[in-house]
Structure formats: structure tokens, C-alpha cells
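The first residue in the sequence is number 1, and the count goes up from there.
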Amino acid sequence: MACYFAKLNESNIVVQTIVVADDIPTANGPLSDNPCHVDGETYCQNLYKHTNTWKQYFRDGSHRVRGGGIGYTYNESKDAFIAPQPFPSWSLDNDTTEWVPPVACPQEHKDSNEYVVSWDETNQRWTGKKRSDNYSSWNWNPVNSTWEAV
């Protein structure tokens, strides 16, 4: 098994990720038995011979909410990695550490594969390409919760 670590810059943004063996010794036994142990972070500092902060992350999100990809920010108070903001209009939900659009994503997008959905930042709306109709263009109307042909 492998352990994943993210190197943080001075703004706590992930600038590098590495994989190390899970048998790295910690004060309480191997790292595989002690996730997020500071000894694993110290091991990475010593390995690369610099003082940057390293944080262990987990690809399955079992600790620290989600994996720590390049460009993600580590939030120390939440002990979580936060993805880059996808669009300027989206806001961060402080409870879930997920980015939230100003208009909720259409339920149809969540329940089926009928539309290929994307966010239109300029017009602040969801757009869709309908698979069953030769990928015709549609806009989501949140007032009546329907797709409208363009």
C-alpha cells in the first residue's frame, strides 16, 4: 500500500504530490497504522531536504475530505484540502468545503445522463447538450425547473 503526501507553499497551496511506502516508521508504529501522523510529514521534509510543509492525503477522501491535488489549498482549521474555485461566482460552503454555484445544478443532471451539463459563467446559468437529440443546446430555467431549447 502507498501513502500520498502534498507539499504546500507558504499560502498552503499544493505545489507537488508524492507517493511513499506505508511502512514509514512513526512514534506509534508504521504510517499505515497512523494516518496523518506528523512523523510522515517530517519524513517528507527530510527526504527532500527542505522545510516546506507536507500533509498526508487520501485519494478516497477518508481523511482531510478529499485528495490533495496540485492547486488545492490545505485549510488547517478544517484539516481539509479544498479544490480550486471553479468559477468566480461560486462560493465556498464552509461546512462541506465544496464550491457552490449561484444556481443549483439541475436535478436531471444528477439523476440521468440525458444532458451533458456545464456552467456558463458569463450568463450565470447551466447549459446542456441533449444526448438523445443530436447534442442540441438547452438552457436550464431554475424558476420552473425545466430545460429550454436554445
Side-chain angles (χ1 to χ4, degrees), residues 1-22 24 31-38 40-45 47-48 50-150:
M1 191 163 121
C3 294
Y4 303 89
F5 284 86
K7 176 182 171 183
L8 309 178
N9 69 11
E10 60 281 348
S11 300
N12 279 347
I13 296 173
V14 177
V15 295
Q16 180 183 1
T17 59
I18 63 169
V19 180
V20 299
D22 66 352
I24 302 303
L31 188 58
S32 60
D33 295 341
N34 298 285
C36 302
H37 196 285
V38 69
E41 298 166 8
T42 302
Y43 173 84
C44 293
Q45 286 177 329
L47 180 66
Y48 284 90
H50 52 66
T51 59
N52 285 76
T53 299
W54 290 84
K55 291 293 177 185
Q56 188 175 4
Y57 70 90
F58 302 80
R59 294 188 330 180
D60 65 1
S62 60
H63 295 76
R64 298 193 165 136
V65 183
R66 65 189 55 79
I70 303 278
Y72 283 47
T73 301
Y74 176 71
N75 182 305
E76 191 168 352
S77 66
K78 296 196 175 298
D79 193 24
F81 286 98
I82 299 172
Q85 185 175 13
F87 297 98
S89 64
W90 291 33
S91 58
L92 186 65
D93 180 316
N94 285 321
D95 293 329
T96 66
T97 66
E98 295 283 345
W99 291 102
V100 180
V103 175
C105 186
Q107 192 62 36
E108 281 79 5
H109 171 59
K110 296 176 184 173
D111 295 338
S112 75
N113 287 326
E114 185 175 1
Y115 294 90
V116 177
V117 177
S118 60
W119 177 251
D120 176 358
E121 179 69 4
T122 302
N123 296 302
Q124 300 285 294
R125 67 180 175 204
W126 292 99
T127 63
K129 300 285 186 184
K130 193 170 184 179
R131 293 178 196 270
S132 63
D133 191 22
N134 239 0
Y135 290 92
S136 58
S137 295
W138 297 71
N139 291 326
W140 178 250
N141 183 335
V143 174
N144 59 15
S145 299
T146 59
W147 286 103
E148 298 174 347
V150 177

Between Glu41 and Thr53: side-chain donor-acceptor atoms closer than 3.5 Å: no

Looking only at side-chain N and O atoms, does Lys129 offer a donor or acceptor that is under 3.5 Å from a partner on Ser137? yes

I'd like to check the side-chain hydrogen bond (donor to acceptor under 3.5 Å, both in side chains) partners of [X]; sequence neighbours left out, ordered by chain and number.
| X | value |
| --- | --- |
| Asp33 | none |
| Lys78 | none |
| Glu10 | none |
| Thr42 | none |

Before you tell me yes or no, could you show the steps for Cys3 and Gln56 under side-chain contact (heavy atoms from CB on, under 4.5 Å), namely the whole-Å CA-CA distance, both residues' side-chain angles and the distance that decides it to 0.1 Å? CA-CA 7 Å; Cys3 294; Gln56 188 175 4; 3.7 Å; yes

Spell out, as yes or no, whether a donor-acceptor pair under 3.5 Å connects the side chain of Asn75 to the backbone of Ser77. yes

Can you tell me how far apart [atom1] ([X]) and [atom2] ([Y]) are? Round to the nearest 0.5 Å.
| X | Y | atom1 | atom2 | value |
| --- | --- | --- | --- | --- |
| Thr122 | Trp119 | OG1 | CH2 | 10.5 Å |
| Tyr115 | Ser132 | OH | OG | 7.0 Å |
| Ile18 | Trp54 | CD1 | CH2 | 4.0 Å |
| Asp22 | Tyr4 | CG | OH | 10.0 Å |
| Phe5 | Leu31 | CZ | CG | 4.5 Å |
| Tyr57 | His63 | OH | NE2 | 15.0 Å |

For residues [X] and [Y], report the shortest heavy-atom separation together with the two atoms involved.
| X | Y | result |
| --- | --- | --- |
| Glu148 | Asn141 | OE2-ND2, 2.7 Å |
| Phe58 | Cys36 | CE1-SG, 3.5 Å |
| Glu121 | Phe87 | OE1-CB, 3.1 Å |
| Pro102 | Trp90 | CD-CD1, 3.7 Å |
| Trp126 | Val117 | CE3-CG1, 3.4 Å |

Pair Lys55, Phe81 - check side-chain contact (heavy atoms from CB on, under 4.5 Å), show working. CA-CA 10 Å; Lys55 291 293 177 185; Phe81 286 98; 3.7 Å; yes

Count the heavy atoms belonging to other residues, nucleotides or ligands that lie under 6.0 Å from [atom1] of [X], then report whether that count exceeds 12.
| X | atom1 | answer |
| --- | --- | --- |
| Glu76 | CD | no |
| Arg59 | CZ | no |
| Asp60 | CG | yes |

With heavy-atom distances below 4.5 Å as the criterion, would you say the side chains of Tyr48 and Lys7 are in contact? no

Between Val103 and Gln124, does the side-chain contact (heavy atoms from CB on, under 4.5 Å) criterion hold? Intermediate values first, please. CA-CA 8 Å; Val103 175; Gln124 300 285 294; 5.5 Å; no

Would you mind listing every side-chain hydrogen bond (donor to acceptor under 3.5 Å, both in side chains) that reaches into residues 91-106, with sequence neighbours excluded? Arg66-Thr97, Arg66-Glu98

Give the table of side-chain donor-acceptor pairs shorter than 3.5 Å for residues 67-74, with sequence neighbours excluded, one pair per line with atom names and distance.
residue: Tyr74; atom: OH; partner: Asp79; partner atom: OD1; Å: 2.4

With side-chain contact (heavy atoms from CB on, under 4.5 Å) as the test, pick out the partner of Asn139 among Thr127, Asn123, Thr146. Thr127

Set out, in order, the CA-CA distance, both residues' side-chain angles and the distance that settles side-chain contact (heavy atoms from CB on, under 4.5 Å) for Glu114 and Arg131, then state yes or no. CA-CA 6 Å; Glu114 185 175 1; Arg131 293 178 196 270; 5.9 Å; no

